[in-house]
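Residue numbers start from 1 in every chain, and the chains themselves are labelled A, B, ... in the order their sequence lines are given, proteins ahead of strands.
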Amino acid sequence: MSERRKPYPFDQFDPKWQAIWEEEQTFHAPNPGEKGFDPAQPKFYVLDMFPYPSGAGLHVGHPEGYTATDIMARYKRLCGCNVLHPMGWDAFGLPAEQYAIKTGQHPAVTTRENVAKFKSQLKAIGFSYDWQREVNTTDPRYYKWTQWIFLKIYHAWFNPETKRAEPISTFRGDDPDDVRLAYVADVAVNWCPGLGTVLANEEVVDGKSEVGGFPVVKRPMRQWMLRITAFADRLIAELDDLDWPDSIKLLQRNWIGRSEGAEIRFPIDAGSARDPRAVSGDSPETSLKTNHKTSGESPDEARESRALPNITVFTTRPDTLYGATYMVLSPEHPFVDKLTTDEQRTAVEAYRSSVASKSDLERTDLSKEKTGVFIGAYAINPANGEKIPIWIADYVLMGYGTGAIMGVPGHDERDLEFAREFELPIVPVVQAPGRTADESIGFLDDGMAINSEMLDGLATPEAKRKMIDWLEVNGHGRADIRYKLRDWLFSRQRYWGEPFPIIWQDKKHGALPESELPVVPPALDDFKPTGTGEPPLAKAKEWVRYSDKADRETNTMPQWAGSCWYYLRFCDPQNEARFVGEAAERYWMGAVNDEARMTNGQASSSDIRHSCFPAQPGGVDLYVGGTEHAVLHLLYARFWHKVLFDLGFLSKPEPFQRLVNQGIILGEDGQKMSKSRGNIVSPDEVIEQYGADAFRCYEMFMGPLQQMKPWSMRGVEGVARFLARVWRLFMTENQAGEWELSAAIEEVEPAKAQRKILHATIKKVTKDIETLSFNTAIAQMMIFVNAFTSAATIPLEVLRPVLILLNPFAPHISSELWQTLHRKFEAGTGEITAQSWPAYDESLLLENEAEIVVQVNGKVRDRVMVALDASDEQAKKIVLASPKIQQLIEGKTITKVVVVPNKLVNIVLAN
RNA sequence: GCCGGCGUGGUGAAAUGGCAGACACAAGGGACUUAAAAUCCCUUUUCGCGCAAGCGAAGUGCGGGUUCGAGUCCCGCCGCCGGCACCA
């Protein structure tokens, strides 16, 4: 008696049912060909973003999305679907390694402990995962296939003709290493000294590492890159058919940053450069090979550029070429050295070194004034033949476009600022509607071309087109498309990641044969980064030596690698011969089998409807996770998926058909949960006090899934009270203080009103689950329970379906009550999880009469009952006969009467 | 700066262009109880009138508009949140 008695005995039946589900493997989904697989069942794949198992365990934010997917999974099973609902661990990554550095504890040990903790917490919430499908990215049986996929990428190239990834064997050029989708490049990378590793652009936030917040500097290093830019167009275009939030699609489109425009070549003025002949090539890109797209320059261009060097710029506004009064090169542009005149050399060198010492953060500080230096050389504007000065300035970035721009101060904000700072000429070439030429300086939108000879009078879009034609015809340039998206920097100098299946011999990289996978990292005592950029794996000399002639690659893959394809492994996690079996992939990642939908055993007569099987184009049917992965994981995974699809391994080009982002859960103080604020709520304490079902239901009852919302223990209590009312609807306490089935439950015909509320509840809950409106589904079940709490007798017929409706939300209590009910009544067979989702009968929702709202001039004045089949005229007549209304309209002129059948009549009076 | 999203009671929120505030929380009152807890019932947008059942007015960030009718659609502001940020 020391503890307070629970309002219902969840502390007894929560563990009981969790044990039964585990024992009976209730939620195991059989694969095609396996025992228990029914080809007539449609599939439903509902996926959570698998967690990184941190040492802190779960907080109440994690299970928000998990609860939503669990409700969906349990609902779809009750609807007769074969549901794939798996969970696993994204366990490579920095925290475990940082911990290892601090304590010497091997990351594998930490990971094992954290996984066990996470798993027991998830089980305590009663999630219906198929634990037979659990995967762990750090398990050699898993990362064997991560490495295998890397090899597929390595052995593939992007064929610009077919716009698809193809095996490297179809490449007809000289050196396949130039075009592989995985390649090595010396690039200016984001080096993070604090973490001792390089980072992808996506992992750098405000000049600091996303993990740990350490400063990040640019540094040239030899790194593995994945050619994601080749897929930029498809990654944008194929978003269209996905059922994702528009905001996430937009985020991805913006991140990819497609810009249409033109590449324009500006000849260097022969008289001005120190030694123009010394400049070779027409673009820095051909030598650097940073961009796949431009590697195939035409021979024409090459010949031309040898005759007279050009500076190539990219612009989205070729129509403004006549307004280009100067050029700016990035300070790192390879032409700067060759073009700088002796007089300007000192100033140029000084500027370049000052820029080099700046961090990215300082350099991109928008509020600072434009800086730059004239390098003494001139270029020729190909449109008007004018000699224009060449400058360098740090507002031009080497990493985008060609690292050089034409300065059009009339119609570009930055150029205008720069030109004003250094008193360069400003020529308006686009006239704004309703403004004079001079007033149009600084006008950025589409207008009409002026001061542009052949373009004069043309609207901007036509002017662009005409200029591009002219450039192409005269060999000064061509239409071009550029992206903000960079190729994916794929190597890390860390211990706790997948080793590359790559060896080096004579300074050339080569792939290991598939038979040598997995490549397991060496045992190390010292996990510390070397600090020099050399990876920790290099310390394992024995391991590194592959043969007398060849050494192993010592970089490791980034954390994203494992999560790029885990949803595929879930389809067939034990397969030792393949990353995913063909039949399993086709079934789970393919489209829903329409035939199965039609022949499914659910009742479907005309008046009984449910919507368990909306049209689904397939793939992962529902993917729930946080917005923080909008441009990282979701873009990388789509990229890998497309490569594997092109190579013929997958059924569909997109992995995740429907995506939903859950909103974050704030602490009780309305602030983001964090250790430092001390406002973290753990599911453990909630479950201990209120039970798993109250926890689940509160997570869903708080508000719309997608919305940010604060936690409230009071709110949990309210939901717990609801579940206690459900309990007492079925159970009463006897003299001995034991719970027994209530005598009020009888096998009697429900009253009409009872039946009506039952069917209204089935309809509402079904619809709300489909739209993920779990909060209003629970509200409706509360209404149902409130309506029955004081009833003298409760018909069995209405209780059974409601338990099934409740089951996805509160699986423990509904299972327990179902079992108790059926010990007495023996109606129906088996556990609640084996039942069918109830159907509702629309005709039972209708009365003979409807209450009509009567408005006068749009204000509600009365309510009257009108027969359902009444005509508009009849309704009007009844409404006008109402004494209240009579009073209000007396002596006034009715100008109009609006009738909304069965709902409303609005009488409009003349004033 | 640019691009999104969101502003409804004391709080979380509900509302296919058709009764604003469902369902909860909190608060207040009552029943049961020796008492408390638990449970159950009632009140609770604001203002005004009324002993009362009730009646009237205003009300969804602010200002306009469309409409018989706007929380919902359109235009212009303000505020908060998120993303991008010298991307040529």
Open item on the list: If I pick the P atom on B/G5 and the same atom on B/G76, what distance separates them, to the nearest angstrom?
Closed with: 14 Å
Open item on the list: Using the side-chain heavy atoms of A/K884, tell me which of these nucleotides is nearest: B/C55, B/C68, B/A14.
Closed with: B/C55
- [ ] Could you tell me whether the side chain of A/I894 reaches within less than 4.5 Å of the side chain of A/L909, counting heavy atoms only?
- [x] yes
- [ ] Can you label the angle between the A/F422 ring and the A/W391 ring as parallel, tilted or perpendicular, going by 30° and 60°?
- [x] tilted
Task: First encountered from the 5' end of RNA chain B, between A/K764 and A/V719 - done: A/K764
TODO: Just call it for A/V328: base, sugar-phosphate, or nothing, with non-hydrogen atoms closer than 4.0 Å on any strand.
DONE: nothing
Open item on the list: Is it the case that atom CD in A/E413 sees more than 12 heavy atoms from other parts of the structure closer than 6.0 Å?
Closed with: no
Task: Between B/C3 (P) and A/D246 (CG): distance, integer Å - done: 16 Å
TODO: Using the six-membered ring wherever Trp is involved, compare the ring planes of A/F10 and A/Y8 and label them parallel, tilted or perpendicular (cut-offs 30° and 60°).
DONE: perpendicular
- [ ] For B/C2 and B/A57, measure between their P atoms and round to the nearest Å.
- [x] 45 Å
Open item on the list: Within 90° of 0 counts as syn, otherwise anti: where does B/G9 fall?
Closed with: syn
TODO: Answer with base, sugar-phosphate or nothing: what part of the nucleic acid does A/T315 contact at a heavy-atom distance below 4.0 Å?
DONE: sugar-phosphate
TODO: Both distances under 3.5 Å, Watson-Crick or G-U wobble: on that basis, could you give the dot-bracket string for RNA chain B, with [ ] for crossing pairs and | for other-strand partners?
DONE: (((((((..(((.....[....))).(((((.......))))).(((((....)))))..(((((..]....))))))))))))....
Task: A/D768 versus A/T776, side-chain donor and acceptor atoms under 3.5 Å - done: yes
Open item on the list: Does this structure show an ion pair linking A/E873 with A/K876, if we count only N-O contacts that are shorter than 4.0 Å?
Closed with: yes
Open item on the list: I need the residues from residues 772-785 of chain A with at least one non-hydrogen atom less than 4.0 Å from RNA chain B; give them sorted by number, or say none.
Closed with: A/N775, A/T776, A/A779, A/M782, A/I783
Task: Length of the CE-P vector between A/M713 and B/A24, whole Å - done: 21 Å
TODO: With the side chain of A/K896 defined as its heavy atoms from C-beta on, choose the nearest nucleotide among B/C55, B/A88, B/C68.
DONE: B/C68
Task: salt bridge (Lys or Arg N to Asp or Glu O under 4.0 Å) partners of A/D693, counting only residues at least two apart - done: none
- [ ] Verify the ring-centre separation between A/Y690 and A/Y698: is it less than 6.0 angstrom?
- [x] no
Output a table of nitrogen or oxygen pairs between the protein and nucleotides 43-46 of chain B separated by less than 3.5 Å.
none

TODO: Please state how far atom NZ in A/K903 lies from atom P in B/A15, giving the value in whole angstrom units.
DONE: 14 Å
Task: Atom P, compared across B/G69 and B/G79: separation rounded to whole Å - done: 32 Å
Open item on the list: Just to be sure I understand the rule, does A/R258 reach a base, reach only the sugar-phosphate, or reach nothing, if contact means heavy atoms closer than 4.0 Å?
Closed with: nothing
- [ ] Write down the distance separating the C1' atoms in B/G54 and B/U67, rounded off to the nearest Å.
- [x] 33 Å
Task: Nearest-angstrom distance, C1' atom, B/A36 to B/C25 - done: 23 Å
Open item on the list: Less than 6.0 angstrom from the centroid, inside 45 degrees of the normal: does A/K370 satisfy that with respect to the ring of A/Y395?
Closed with: yes
TODO: Scan A/T627 against the nucleic acid and name what it touches under 4.0 Å (heavy atoms): base, sugar-phosphate only, or nothing.
DONE: nothing
Task: Nucleotide of B/C19, B/A88, B/G83 approaching A/E851 most closely (side-chain heavy atoms) - done: B/C19
Open item on the list: Assess the residue pair A/R728 and A/T789 against the criterion (side-chain contact (heavy atoms from CB on, under 4.5 Å)); give the C-alpha distance rounded to whole Å, side-chain angles, the decisive distance to 0.1 Å, and a yes or no.
Closed with: CA-CA 8 Å; A/R728 290 194 308 271; A/T789 39; over 6 Å; no
Task: Interatomic spacing from CZ in A/R265 to NE2 in A/H476 - rounded to 0.5 Å - done: 9.0 Å
Open item on the list: Go nucleotide by nucleotide along RNA chain B from the 5' end; which of A/N254 and A/V900 gets its closest nucleotide reached first?
Closed with: A/N254
Task: Protein-nucleotide distance (A/L397, atom CG; B/A85, atom C1'), rounded to Å - done: 11 Å
TODO: May I ask you to check whether over 12 heavy atoms, not counting those of A/E890, lie within 6.0 Å of atom CD?
DONE: no
TODO: Identify the residue among A/R253, A/R258, A/R482 that makes a salt bridge (Lys or Arg N to Asp or Glu O under 4.0 Å) with A/D233.
DONE: A/R258
Where do N or O atoms of nucleotides 8-12 of chain B meet protein N or O atoms at under 3.5 Å, pair by pair?
from: B/G12; atom 1: O2'; to: A/M702; atom 2: O; distance (Å): 2.6

Open item on the list: Regarding B/G18, can its base be found pairing with the side chain of A/Q855 as donor and acceptor, where the two atoms are less than 3.5 Å apart?
Closed with: yes
- [ ] Starting from C1' on B/G82, measure out to CG on A/L250 and report it in whole angstrom.
- [x] 12 Å
Open item on the list: Base, sugar-phosphate or nothing for A/G718? Non-hydrogen atoms, less than 4.0 Å.
Closed with: sugar-phosphate
Which atoms of nucleotides 40-42 of chain B (N or O only) lie under 3.5 Å from a protein N or O atom, and what are those distances?
from: B/C40; atom 1: OP1; to: A/R728; atom 2: NH2; distance (Å): 3.4

Open item on the list: When the P atoms of B/U60 and B/C51 are compared, how many Å lie between them, rounded to an integer?
Closed with: 31 Å
Task: Check: A/T761 and A/M781 side chains under 4.5 Å, non-hydrogen atoms - done: yes
Task: Nucleotide B/A88, atom P - distance to CD1 of A/I390 in whole Å - done: 22 Å
- [ ] Using a heavy-atom cut-off of under 4.0 Å over every strand shown, decide if A/V853 touches base, sugar-phosphate, or nothing.
- [x] base
- [ ] Would you check if A/N902 and A/L868 make a side-chain contact, meaning some heavy-atom pair closer than 4.5 Å?
- [x] yes
Open item on the list: What I want to check is whether an N or O donor and acceptor connect the side chain of A/K370 with the base of B/C86 at under 3.5 Å.
Closed with: yes
Open item on the list: Just the rounded figure in Å: distance from C1' of B/A88 to CD of A/E417.
Closed with: 14 Å
Task: Interatomic distance, A/K464 NZ vs B/A88 C1' [rounded to whole Å] - done: 12 Å
